[in-house]
Structures are given as structure tokens and as C-alpha cells.
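Values reported hereafter were calculated over all heavy atoms of this structure, with side chains retained and with hydrogens, waters and symmetry mates removed.
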Amino acid sequence: MKKQFHRLYAIFAMIGCLLASAPSGAQNISQIAKSDPLLITGAIGTSNTYYHSSLGSDYTTPFSNTIYANLNISLYGFSMPFSFYYSNNNVSFNYPKFSFNISPTYKNWRLYLGRRSMAFSNYVFNLPFNGVGLEYQGASFRFGAFYGTLRNAINDDPENPIARSPQYQRVGWGAKVGLGNSSNYLDFYFLRAKDDINSISATWHEADFLSMHGITDPFAQENMVVGAKGRLSLKNYVSLTGNVATSVFSTDINSQIIPMERFQRWDKVFEARYSSLARFAGDLALNFNLGSFATALQYKIIQPDYKSLGASYMTNNIQSLGAVANWILFKRLTLSGSFAQQSDNLNNQQMYTTKGFVYTAGAGLSLGSHLSLSAYYNGYLQCQYDGAAIINDTIRVDRKMDSYTFSPSYSFYNDSYSHTISVSGCYASNKDLNPFTSAENHTDVNTLSSGVSYGLGLLDLGTDIMTAYSHQESVGYGYHYQTEVVSAGASHAFLEDKTLDVSLTLNCCFNKIDEQDRNVSIGGDLTVGYTLKDVHVFSFSAGYNKFNDINILAGANYGYSALTMSLNYNYAFTLLQIKRKAEEATVEIQY
């Protein structure tokens, strides 16, 4: 019998290594022998919902039924999930795509196979690749390299009226090498990416076809990026960090090569074309850490049209300069603040230039383990200036936004019960500083919001009680909005083993717009859950909401109601488990 089991292990291990499913994560080779050889788990369940509204059921069906099942096969830590889903006559079935997607590790080495991700500079490469990679992470030396597909081709039939827009397959490779530790280090990065011009039909390039269908030529692109990131510190008191990159980018690899000697000498590295651009991006930070006080000066610039084919979209044509500070006093009071200025239109080719100023201040105070106070201020000033064109004062953006927040909280607890009460208040103003627009459109907006909540936990009884009240008032654009919300709820765990949970929540909301529009809505939610033998979960929920328009001035009084009920069941099971005992090289089968 044991021989049969060992043969079964060998077969399953081989299948698991060769057909590891796509969702599986990194697998440490040294941990495979410690993992259970085989584990088959799953769940089946159903969800049934009833909905009724006094407005009718024109937009939704009154009954909704769902049946689902999933099965997961784990072989030495490698996972293969299967799932079945049925809902309102729609059926879907998912199964592992069996692509070879794993990242095994051994000591300081890691191998990347399939669709994986590798850490690079954010200006150089931050996308997943589908290919192969190798990485070494030592105490003071590290390197890595990869090759693979960065983007798959979209090559629908051009004559199909619902064909998707074409997309080239994009292939890339990159490398990185670094020295140092977390305190002092220097890393270099390189990326080369290029679109495959043969990955889509030639019809997509024909001028007559493009003109007839009103689309543009999907130009193939190529890119080379070099970058560096480092940190230099002095006994952790002062440190300088930097992250820079230069990108050479061609928007059309079919455009003519520049016939100049100073460019052609580099043609074996990158062919400079009339569609080529060279751009720079980077950031620097000077940090000071004096124990309880820390501050940093930060600068960032991303030139116009900076792009890396290995990085997701990033905002360019901006630069910013700012400072942040944090100070801890008496181990109870924390003060923080920041200031930053950001501007765009670095090449002065945009019609207008926008500058923004962001400033914050905050304080947090902890009085013992029960009472805490916090207060914050956030401000933003946005100004618009001339660029390639002279801006008209009647449309100039000139706006200032401020918000003030104060939120104390108090909590007390012991072995039998707990009390928690919290209060919050916030005032925000959005002021239009352009007199030509604010006077005519009343574009200033002021908002006041406040709230209080209280929670009581009776630990011995397994009961929780809460209540809350909130108020919000906003004035702007010629309107006055007001909202009041009151809510209360309770939950209790029944039975000796606390397997039956019941919770109830009630709420009432009053809304008013000036004196012409008023409405009230009330509602409640009931939830009951029961767990049987840790694997069977039954739950029932019901929600009722009633809306009433009480527009007294207009003489109107109408409303509607809605009821939702849901009955659910879930059964989680372990179909088969072959375990490896910690001390013995034997196995056992559990059902």
C-alpha cells in the first residue's frame, strides 16, 4: 500500500510542477518537501434573493437564484482552482489555464517562469511580463534579468465591422544590478522594448482602408530606458535618496532614420529616427532624522512626453518641490506638516500653465489608553497663468480650498464590557478667487459636517449595541443642502457555542434642498447567521426602505417602498487530504 502511495505522490508532484495554474504565487523549493502532497478542498452553495418595490419591477426581476461550486486541488503547494457558477439561466465554468506561472526560490536565487513581475525602478519598468527571468539577492550584491512579452497582440479581422482596434505584440528585456544595503546602496536599471510589426495584419496599415474606416495607423513603437536609484546616509541622521531615468522613445519605428553621424554611431544600440524623443524623469529627497523630529525636502520632475513602454501610464510635464516634517513630543503629542508646489507646462507649449500649492498641518494627542484627540488642516491653492496663449480673465481658474477636521474619541473596556464614543467635525470651503466667475455663478461652496457615535459591547452576553447621528450642510451654486441621519443597531450571539448570530440595524434620513424639496427615508436591515459543525453556514437577510417626499410648499406627498430578502447556504468541505507528518516520513489520508 505504501508503494502505491509513493507512486501517487510522484505522479501528483510531476503534474503539479508541469501544470501549475496561473493564479499560483511564488513557490519556495525548500518548502515543497514541507507542504502537504495533496489537498482537495471546495465549497458549494446557493443564494436566493427576492426583491419588491412599490414602483414595480420594470428594471429588475423579483426573484434571483444563484448556485455555485468550486474545487481547489493543491499539489505540494501548487494550486489548481475549478469553479462553476449558475445565475438566472446564465452558466459559467472556470478551470485552470495550465500556463507555467511559478517563481521558485532557492537560497538567494529566484527563477521567474510564465507571467511574473520583477521589482525595477518605477520610471523604468513596473509591468508584468510573460517569459523567463532570474534574480539574485545577496547581502550586498544583487542582480536580475528577464525576457518576455509585455503586451499581447490584438489582430481581429479588419473586415469585421465589430473588430477591436489593433494592437502590436510588445516584447522586452531588462536587467538590473546593485550594490549596498538598505542604508547605502546604488542600483542601475536597463530596459529595451519593441513592438512586433508583423504581429497584426498588413491591412491595418493601408491608407485607403484607414481612411474608409476613419481610424489612424497603429504605429509600432520602440523604447530604451536606463535608470539609477540610490541612497547615501550618514549614521541614519541624514540621507540623500535619488531615482532618475532617461528614456529614448520612437513613436513610429517605420519613420526615417536620422542621417547624421552623431546619431548613427549609436545605431547598434538604438536607431535614432525622426519620430524619436529623449526625455528625463527623476526625484530627489534630502532626509533628516533627529529621533523625535524628522523632516525631508523633496523635488520631482517628469519632462513632457516622457514614456517607458515597460511602465504604466504616468503623469508627465510636471515638476514639484516640497517639504514634510513630523515631530513627536512627550511620546503623546504628534505634530506633522507639509508643503508642496507643483507646476506643469515645462516646455511652454500648452495653452495655459497651472500651478498648485498643497499645504497640510496636523496634530494628534493621546491621553492614556482611553482618550485621543486629532486635528488636521488641508489646503490647496490652484492658479492658472499664460502659456502658449494668453488666458482670458473671465475663464481663468483661480481657486482656494481649505478643510479643518477635529475628531476626539474615548474608549473604556474591561473583561466584561467596553464603551467607545467618538465625535467628528469638519468644515470645508471651496472659494473661487476669480471675481468674474464667482460673482455671476455663486461658485463658492462651504460644507459643514459633524457626527457622534457610541458603541457598547457586553462581552459576557455576546451583545454589541451602537447608535450614531450625523449632520451635513452645504451651501453653494445658489443652493442650500442639508442632511440628517440617525441610526441604531444591535447584534447578539445565541446558543452555548455562539453559532447563531442575529443583528438588526435601523436608520432614518432627512434631506432638504432650500425650502422647496424635502424628503425622509426610513429603513432597517435584519441579518441571521447560523454555523453548523464549522462547515455549514446558513444565513438570512432582509432589508426594508421607505422613501417619502414631504414637499409641503408644493403640496406634494408621495413615496415608495422597497423590500429585499435573501436566503443563503454554503458548505465548505475537504474531499481528500494526504498529509506529511512533521517528524515522520509517513503519510495519512483524511476524508
Side-chain angles (χ1 to χ4, degrees), residues 324-340 358-381 399-414 417-431 444-459 463-477 479-491 503-514 518-525 527 543 545 547:
V324 297
N326 189 72
W327 193 9
I328 302 176
L329 296 174
F330 316 114
K331 297 182 180 180
R332 294 184 180 275
L333 177 62
T334 300
L335 303 177
S336 62
S338 66
F339 174 82
V358 181
Y359 31 91
T360 67
L365 177 62
S366 176
L367 300 177
S369 59
H370 303 298
L371 179 62
S372 63
L373 306 172
S374 61
Y376 295 96
Y377 165 75
N378 294 276
Y380 178 67
L381 177 64
R399 184 170 290 277
K400 184 175 185 291
M401 289 167 277
D402 302 284
S403 67
Y404 307 84
T405 303
F406 179 64
S407 54
S409 65
Y410 174 81
S411 62
F412 177 79
Y413 51 88
N414 56 27
Y417 59 87
S418 65
H419 297 275
T420 301
I421 183 170
S422 61
V423 179
S424 63
C426 179
Y427 173 76
S429 66
N430 189 333
K431 185 174 181 58
D444 291 350
V445 179
N446 297 305
T447 301
L448 174 65
S449 60
S450 59
V452 58
S453 64
Y454 171 73
L456 171 63
L458 305 176
L459 306 182
T463 302
D464 293 308
I465 302 173
M466 63 79 60
T467 182
Y469 165 78
S470 65
H471 165 83
Q472 182 168 319
E473 193 169 355
S474 182
V475 179
Y477 290 91
Y479 292 96
H480 184 186
Y481 302 86
Q482 183 176 335
T483 300
E484 315 279 347
V485 179
V486 179
S487 62
S491 64
S503 64
L504 176 66
T505 302
L506 303 174
N507 59 78
C508 177
C509 179
F510 170 77
N511 297 285
K512 182 176 73 170
I513 303 177
D514 295 329
R518 301 183 181 188
N519 61 75
V520 173
S521 62
I522 58 175
D525 294 284
T527 301
N545 289 278
F547 174 87

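The shortest side-chain heavy-atom distance between Asp444 and Ser429 does not fall under the 4.5 Å cut-off.
A search for side chain to side chain donor-acceptor pair (under 3.5 Å) contacts involving Tyr469 returns Glu484, not counting sequence neighbours. Listed by chain and residue number, Thr483, Cys509, Asn519 satisfy the side chain to side chain contact (heavy atoms under 4.5 Å, CB included) test with Asn511 (two or more places apart in sequence, or in another chain). By the side chain to side chain contact (heavy atoms under 4.5 Å, CB included) test, Ala340 is found to be paired with no residue, residues two or more places apart in sequence or in another chain being considered. Partners of Val445 by side chain to side chain contact (heavy atoms under 4.5 Å, CB included), not counting sequence neighbours, listed by chain and number: Asn430, Thr447, Ser474, Tyr477.
Residue Leu367 holds its CG atom at 9.5 Å from CG of Leu333, rounded to the nearest 0.5 Å. To the nearest 0.5 Å, atoms CG (Asp464) and CG (Leu458) are separated by 7.5 Å. To the nearest 0.5 Å, atoms CD1 (Ile421) and OH (Tyr410) are separated by 10.0 Å. A distance of 11.0 Å separates OG1 in Thr420 from CZ in Phe412, rounded to the nearest 0.5 Å. The CG atom of Leu381 sits 8.5 Å away from the CE atom of Met401 when rounded to the nearest 0.5 Å.
Across all their heavy atoms, Ser338 and Val324 have their closest contact at CB-CG1, 3.6 Å. The minimum heavy-atom distance linking Gly523 with Asn545 is given by the pair CA-OD1, 3.7 Å. Between Leu506 and Gly524, the shortest heavy-atom distance links the atoms CD2-CA, 4.0 Å.
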Side-chain donor-acceptor pairs of residues 369-378 under 3.5 Å, sequence neighbours excluded:
from	atom 1	to	atom 2	distance (Å)
His370	ND1	Ser411	O	2.9
Ser372	OG	Ser409	OG	2.8
Ser374	OG	Ser407	O	3.2
Ser374	OG	Ser407	OG	2.6
Tyr377	OH	Asp402	OD1	2.4

Side-chain atoms of residues 449-456: list all donor-acceptor pairs with protein atoms under 3.5 Å, sequence neighbours left out, distances to 0.1 Å.
from	atom 1	to	atom 2	distance (Å)
Ser453	OG	Ser422	OG	2.8
Tyr454	OH	His419	ND1	2.6

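Residue Lys431 qualifies as open at atom NZ: its count of foreign heavy atoms under 6.0 Å is 12 or below.
No donor-acceptor pair under 3.5 Å is formed between the side chain of Arg332 and the backbone N or O of Leu365.
Ring orientation note: the planes of Tyr404 and Tyr427 are close to parallel, at an angle under 30° on the 30°/60° scale.
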*Output, in order, the C-alpha distance, side-chain angles, deciding distance and verdict of side chain to side chain contact (heavy atoms under 4.5 Å, CB included) for Leu459 and Tyr413.*
CA-CA 10 Å; Leu459 306 182; Tyr413 51 88; over 6 Å; no
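Under the 3.5 Å distance criterion, with hydrogens and angles disregarded, no donor-acceptor pair is assigned to the side chains of His480 and Gln482.
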